[in-house]
Amino acid sequence: MPSPDTQMEVLEEQIARWREYLARRQAIHSVDVAELEDHLRERIASLMDAGLAPDEAFLVAVKRMGELDALSREFAREHSERLWKQLVISSADIGGDEPAARKDAMVAFGLAAAAVLLFKLPALFGFGLEGGNENAYARNYSFFVLPLLVGYFTWKRGLPDTGEQALRRTTLGWIAAGFAAALVFANVYPFRTGGNTEVLTVIHLPIALWLLVGIAYAGARWSEVSGRMDFIRFSGELFIYFVLLALGGGLVMASTFGIFGLIGIDPEPYVETWLPAGPLAGVIVASWLVEAKQSVVENIAPVLTRLFSPLFAAVLLAFLGALVFTGRGIAIEREALILFDLLLLLVLCLLLYSLSARDPQAHAGPFDIVQIVLVVSALLADAVALSAIAARITEFGFTPNRVAALGMNVILLVNLAWSAVLYLRFLRGRGSFAAIERWQTSYLPVYAGWAALVVIVFPPLFGFI
């Protein structure tokens, strides 16, 4: 058994790691970290007085203080005025680490500018967007921004301890190899312009590459449920910020057209050449905002999920009721399939974001009943879509779109079916919420794997049509 001195040294190391992890959240300042550490030490001392060993006291104290995300939400409530001010004033004005925050912002905006310049770079060699190369640009759109985003997270996280550096470099090597392979498959195939397999590549390639971004984001924690759940949470918050930036960009565009129209100048020829580059910069800027202001958004996440989960559940129930009442089937044209699958994916994303925003230690409540209604209704809707697709394939044969839709709906069906089982177990007290989290986060590579299969195998399998 370790000596008391050794146990206390281990305890101090554990507290130091906890403090460093908490300090990386920029919405919580050093004075707050010190306050939380004092609170933690008080709990540890109390538990040790009750007879627990130092390492046991640490684990119990941290658990009683709540998960880190719940703790951050508590801070957002207690210091809401200051946290909301961080959206509009500099960190120096509120006692933050100004040099680090400024450096982070400069790197993020520099990468955003680099994404825009990369997008415009081919035009210098006569391969501009306005030259009829829209399809080639669409296939390669992800490569203008996602590698830069991986670079941002690699810089942001820094190199780990010496013992983990080799693993980190190996992981980054595999990520780079994945991007290189994707770049090759997106450009060497002789696609028919505007053909089905080209459109499927444009849709599925970002899905496959987003998994590589997730591995870079989570780093060594990708193998842990909490690391993958953090990436899910990041993805949801990124979407929120990106939509806000897009709305702001739309207002800027409307103002541009309005004021230039007053003097008889049409800005459309200039705007349309730069407009496609805007979302590229927006992804990186939104990622920086999530990293810098995540505790603020975590306070918004539960509100959003509790608002939209019942709405989408109602929409799906109304859809199923209309199917039964009218006896109509689902249209199997490409546009209809894409729209329906996007709806189901949106429901899945809402479920994942709800899981990431929920306190895993909380008992089952009314909102969990809403969640199970959402899952079961989405499961039934997916089963209806699958039967319609299967009937269409039986009658008219296989096409790239039908097979892609079939595969995606089968993957969704498996995910939703087991999610429903796990959620029902949780509601009945026969399972844990951790099992739901583990299932959903472990299933993420399945979506990326299917997307990669569509990009790599479908074009030659269906003759590049």
### Task
Locate the shortest heavy-atom distance separating Pro269 from Thr273; write the atom from each residue and the value.
O-CG2, 3.3 Å
## Note on the structure
The complete set of side chain to side chain donor-acceptor pair (under 3.5 Å) pairs with one or both residues in residues 204-215, sequence neighbours excluded, reads Trp210-Ser235
### Message
Do Leu111 and Leu149 make a side-chain contact, defined as non-hydrogen atoms from C-beta onward lying under 4.5 Å apart?
### Response
no
### Task
Take atom CZ of Phe260 as the centre, draw a 6.0 Å sphere, and report whether it contains more than 12 heavy atoms from other residues, nucleotides or ligands.
no
### Query
For Pro459 and Thr201, which heavy atoms make the closest approach, and how far apart are they?
CG-OG1, 4.2 Å
### Message
For Leu412 and Leu386: C-alpha separation, side-chain torsions, deciding distance, then whether side-chain contact (heavy atoms from CB on, under 4.5 Å) applies.
### Response
CA-CA 10 Å; Leu412 280 171; Leu386 267 175; over 6 Å; no
### Message
Just to verify, which of Phe144, Phe242, Phe119 counts as forming a side chain to side chain contact (heavy atoms under 4.5 Å, CB included) with Pro279?
### Response
Phe242
### Query
For Leu209 and Ala182, which heavy atoms make the closest approach, and how far apart are they?
CD2-CB, 3.7 Å
### Query
Listed by chain and number, what are the side chain to side chain donor-acceptor pair (under 3.5 Å) partners of Ser442, not counting sequence neighbours?
Arg228
### Query
For Val116, which residues count as a side-chain contact (heavy atoms from CB on, under 4.5 Å) partner, sequence neighbours excluded?
Trp274, Ala277, Ala281
### Asn187 side, atom CG; Tyr189 side, atom OH - distance, nearest 0.5 Å
12.0 Å
### Query
Should we say atom CZ of Phe257 is surrounded by more than 12 heavy atoms from elsewhere, each under 6.0 Å from it?
yes
### Query
How far does CE of Met408 sit from CG of Leu200, to the nearest 0.5 angstrom?
10.5 Å
## Note on the structure
Here the pair of heavy atoms bringing Phe231 nearest to Val213 is CE1-C, 4.1 Å
### Working for side-chain contact (heavy atoms from CB on, under 4.5 Å), residues Phe433 and Leu422
CA-CA 8 Å; Phe433 188 79; Leu422 293 175; over 6 Å; no
### Task
Apply side-chain contact (heavy atoms from CB on, under 4.5 Å) to Leu344 and Asn409, showing your working.
CA-CA 9 Å; Leu344 291 176; Asn409 279 274; 3.7 Å; yes
### Task
Rounded to the nearest 0.5 Å, what's the gap from CG on Asn133 to CZ on Phe127? Could you check?
4.0 Å
### Task
Answer whether the closest heavy-atom distance between the side chains of Leu346 and Phe312 falls below 4.5 Å.
yes
### Query
Do Leu211 and Trp222 have side-chain heavy atoms sitting under 4.5 Å apart?
yes
### Query
So which heavy atom on Pro206 is nearest to which on Ser142, and how close?
CG-OG, 3.3 Å
### Query
With sequence neighbours left out, what residues match Ala313 under side-chain contact (heavy atoms from CB on, under 4.5 Å)?
Val373, Leu374
### Message
Nearest 0.5 Å, please: how far is CZ in Phe109 from CG in Asp104?
### Response
10.5 Å
### Query
Is there a side-chain contact between Leu212 and Leu146, using heavy atoms and a 4.5 Å cut-off?
no
### Tyr443 side-chain N/O to Ile411 backbone N/O, donor-acceptor pair under 3.5 Å
yes
### Task
Name all residues meeting the ring pair (Phe, Tyr, Trp, His ring centres under 6.0 Å) criterion together with Tyr270; count only those two or more places apart in sequence or in a different chain, and write none if there are none.
none
### Summary
What one should report as the nearest heavy-atom pair of Tyr137 and Ala123 is OH-N, 3.9 Å
### Task
Apply the test side-chain contact (heavy atoms from CB on, under 4.5 Å) to residues Gln371 and Phe367: give CA-CA distance (whole Å), side-chain angles for both, the deciding distance (0.1 Å), then the verdict.
CA-CA 6 Å; Gln371 290 290 89; Phe367 183 69; 3.7 Å; yes
### Task
Verify, without hydrogens or angle tests, whether Asp382 (side chain) and Leu413 (backbone) share a donor-acceptor contact under 3.5 angstrom.
yes
### Query
Mind checking what makes side-chain contact (heavy atoms from CB on, under 4.5 Å) contact with Val376, not counting sequence neighbours?
Ile372, Leu380, Ala420
### Message
Show me the pairs that pass side chain to side chain donor-acceptor pair (under 3.5 Å) and involve residues 413-427, at least two apart or across chains.
### Response
Asp368-Tyr423, Asn415-Ser419, Asn415-Trp439, Asn415-Gln440, Asn415-Tyr447, Ser419-Trp439, Ser419-Gln440
### Task
Sequence neighbours left out, what passes ring pair (Phe, Tyr, Trp, His ring centres under 6.0 Å) with Phe239? Give chain and number order.
none
### Message
For a 4.5 angstrom cut-off between non-hydrogen side-chain atoms, does Ile232 reach Leu355?
### Response
no
### salt bridge (Lys or Arg N to Asp or Glu O under 4.0 Å) pairs, two or more places apart, involving residues 438-453
none
### Task
Return each pair, listed once, that meets salt bridge (Lys or Arg N to Asp or Glu O under 4.0 Å) where at least one residue sits in residues 180-205; pairs must be two or more places apart or across chains.
Arg139-Glu198
### Query
Got a second to check how far Thr193's OG1 is from Glu134's CD, nearest 0.5 Å?
10.0 Å
### Task
Would you mind reporting whether Asp230 and Tyr217 have side-chain heavy atoms less than 4.5 Å apart?
yes
### Message
Can you confirm whether Asn196 sits close enough to Phe458 that some side-chain heavy atom of one is under 4.5 Å from a side-chain heavy atom of the other?
### Response
no
### Between NE2 on residue His363 and CG on residue Leu427, distance to nearest 0.5 Å
13.5 Å
### Query
Looking at side-chain heavy atoms only, is the closest gap between Val455 and Trp450 below 4.5 Å?
no
### Query
Partners of Ala138 by side-chain contact (heavy atoms from CB on, under 4.5 Å), sequence neighbours excluded?
Val202
### Query
Got a sec, which residues hit salt bridge (charged side-chain N to carboxylate O under 4.0 Å, His left out) with Glu437, two or more places apart in sequence or on another chain?
none
#### Entry: Side chain Thr197, main chain Ile465, donor-acceptor under 3.5 Å
yes
